[in-house]
Chemist: 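This is the structure I want to talk about, given as structure tokens.
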Amino acid sequence: MPRWKELPEELDPQVREFTGQLRRLVEHSGLSPAAVADRTGYSKTSWERYLHGRLLAPQGAVLALAEVTGTDAGHLLTLWELAERAWSRSEMRRDATMESIQVAQARFALGEYAPDPDRVPAASPSEPPSPPSTVSPSSPPPALSPPPAGRTADPGARQLRRQLRRERMTVWVAGAAGVLLVAVGLLLLALNPSGGGGKKAAAATAPAASAPQSPPPSAPPALPAGVRCTGADCAGKDPNRMGCSGQNAVSPSRGAAGAMRIEVRYSKVCAAAWARVTGAAPGEQITVGADGHSATARTGQGGDGYTPMVTVSGDPAKVTACRTTAAGLRHCAQPAAAKSPATP
């Protein structure tokens, strides 16, 4: 039985190519969707949608998968950008189709309930037929009678009359405002014909013009492609989703205890760090600290996990990262190559 289902036939070729590349990366890594979910921070249900073409994977999930599988994130992001544009075009076409269907349904409903102008109410049997009226050339024309009871006016005509009334009101208000402005200007000119007020205003603005002006604030530095935060904006956020992990991060400190590995992950472009643990027991606590701030997380079912980011303004080697077991033992990452001792 094949591992993957057939992708939907209506899927765009670029989205199909990108989804197939994600499937190949997962297959070559030997990981199950549950293991991919634990290591990337995205749920198993989300990865099943990404890998079956029902939803386009976000950029953060793509970067996280590249880091887990050791794939070059730059090439994978190029395929993702092409797929994202194709996905947006498909959504726009679907929206236009749905809008056309809704407009057609609305027109059909309005046409179904609109009054039939050719329908004339039948005369009551009890009413005698009126004799034909004779109108002499000198007599005034007969007055128009109101429409018979039971027949309603055309809704389009009512809407047109309301629109004309609103337009006439708008024109009238604009004309009145223009006349008022002209009258105020003439009044001010009559009260001050010498133009002294203009001289005073010019004298008042002269010192302000001669005063030194502060330089405009410098624009924030441009971030690399895929990076979505830097500095304080990264505090408490997911490093994978913000594009700070992968090729943008290094490990200045490491530690080990048996099969467990703990490390400090530091991103210079994001000016932030986080702790990452692999091979631990599920539910163990991970803590990272820097510049008086800290963040915590717990390992997932596979024994892996990482914390949110903390801002780093100094030496990344001073960032602390520790893992605490259920029994209260702590193992911390160290800048040196020596293994960190376990402390109660």
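When reading the values below, keep in mind they use all heavy atoms of this one structure, side chains included, and skip hydrogens, waters and symmetry mates.
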Chemist: Under a 3.5 Å distance rule, please check whether Thr78 uses its side chain to pair with a backbone N or O of Gly74 as donor and acceptor.
Modeler: yes

Chemist: Apply salt bridge (charged side-chain N to carboxylate O under 4.0 Å, His left out) to Arg39 and list each qualifying residue two or more places apart in sequence or on a separate chain.
Modeler: Asp304

Chemist: Between Ser267 and Ala271, is there a donor-acceptor pair closer than 3.5 Å when you use the side chain of the first and the backbone of the second?
Modeler: no

Chemist: Is a salt bridge present between Arg330 and Glu284, judged by a nitrogen-to-oxygen distance below 4.0 Å?
Modeler: no

Chemist: Tell me whether Lys237 at atom NZ has more than 12 heavy atoms from other residues, nucleotides or ligands lying less than 6.0 Å away.
Modeler: yes

Chemist: Could you check whether Arg241 makes a cation-pi contact with Tyr42, meaning its NZ or CZ is under 6.0 Å from the centre of the six-membered ring and within 45° of the ring axis?
Modeler: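 Yes, a cation-pi geometry.
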
Chemist: Please confirm whether the backbone N or O of Val288 pairs with a side-chain atom of Thr320, one donor and one acceptor, at under 3.5 Å?
Modeler: no

Chemist: So which residues get pulled into Trp274's cluster when ILVMFWY side chains under 4.5 Å apart are joined, directly or through others?
Modeler: Met242, Tyr306, Met309

Chemist: So, taking the atom named CZ in Arg298 and the one named OG1 in Thr287, what distance separates them when rounded to the nearest 0.5 Å?
Modeler: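 Answer for the CZ-OG1 pair, Arg298 versus Thr287, is 8.5 Å.
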
Chemist: Return the OH to CG distance between Tyr50 and Leu65, rounded to the nearest 0.5 Å.
Modeler: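 Taking OH in Tyr50 and CG in Leu65, the distance rounds to 11.5 Å.
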
Chemist: Drop me the distance from His52's NE2 to Leu22's CG, to the nearest 0.5 angstrom.
Modeler: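 Reported to 0.5 Å precision, the distance equals 12.5 Å.
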
Chemist: Starting from Leu181, walk the hydrophobic network (Ile, Leu, Val, Met, Phe, Trp, Tyr; side-chain heavy atoms closer than 4.5 Å) and list everyone else you reach, by chain and number.
Modeler: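 None; Leu181 is a cluster of one.
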
Chemist: Between Arg265 and Ser251, is any side-chain donor less than 3.5 angstrom from a side-chain acceptor?
Modeler: yes

Chemist: Go through Gln285 and Arg323 one step at a time and tell me if the side chain to side chain contact (heavy atoms under 4.5 Å, CB included) criterion holds.
Modeler: CA-CA 6 Å; Gln285 181 173 309; Arg323 157 257 197 172; over 6 Å; no

Chemist: For Arg49, look at atom CZ and say whether over 12 heavy atoms of other residues, nucleotides or ligands are found less than 6.0 Å away.
Modeler: no

Chemist: To check you understand the geometry: which heavy-atom pair defines the closest contact between Ile262 and Cys332, and what is its length?
Modeler: CG2-C, 4.2 Å

Chemist: Determine the minimum heavy-atom distance between Val227 and Cys270, stating which atoms define it.
Modeler: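 The pair with the smallest heavy-atom distance is CG1-SG, 3.7 Å.
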
Chemist: Does Trp80 use its side chain to pair, donor to acceptor, with the backbone of Leu56 at less than 3.5 Å?
Modeler: no

Chemist: Does Ser29 reach the main-chain N or O of Val26 with its side chain, forming a donor-acceptor pair under 3.5 Å?
Modeler: yes

Chemist: Roughly how far, to the nearest 0.5 Å, is OG1 of Thr278 from CE of Met260?
Modeler: 8.5 Å

Chemist: Would you say Asn248's side chain and Gly243's backbone share a donor-acceptor pair under 3.5 angstrom?
Modeler: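 It does hold such a pair.
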
Chemist: Would you name the heavy atoms of Pro239 and Thr307 that are closest together and state the gap between them?
Modeler: CD-O, 3.9 Å

Chemist: Check whether any side-chain N or O of Arg261 sits under 3.5 Å from a backbone N or O of Gly258 as a donor-acceptor pair, and report yes or no.
Modeler: yes

Chemist: Can you check side-chain hydrogen bond (donor to acceptor under 3.5 Å, both in side chains) on Thr45 and Ser43, steps first, answer last?
Modeler: CA-CA 5 Å; Thr45 303; Ser43 67; 4.8 Å; no

Chemist: Would a distance-only check, ignoring hydrogens and angles, find a side-chain to backbone donor-acceptor pair under 3.5 Å from Arg276 to Gly305?
Modeler: no

Chemist: Would you say that Ser46 contacts Leu55 through its side chain, given a criterion of any heavy-atom pair below 4.5 Å between the two side chains?
Modeler: no

Chemist: Can you name the nearest heavy-atom pair linking Gly53 to Pro8, along with the distance?
Modeler: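 Closest heavy-atom pair between Gly53 and Pro8: O-CG, 4.5 Å.
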
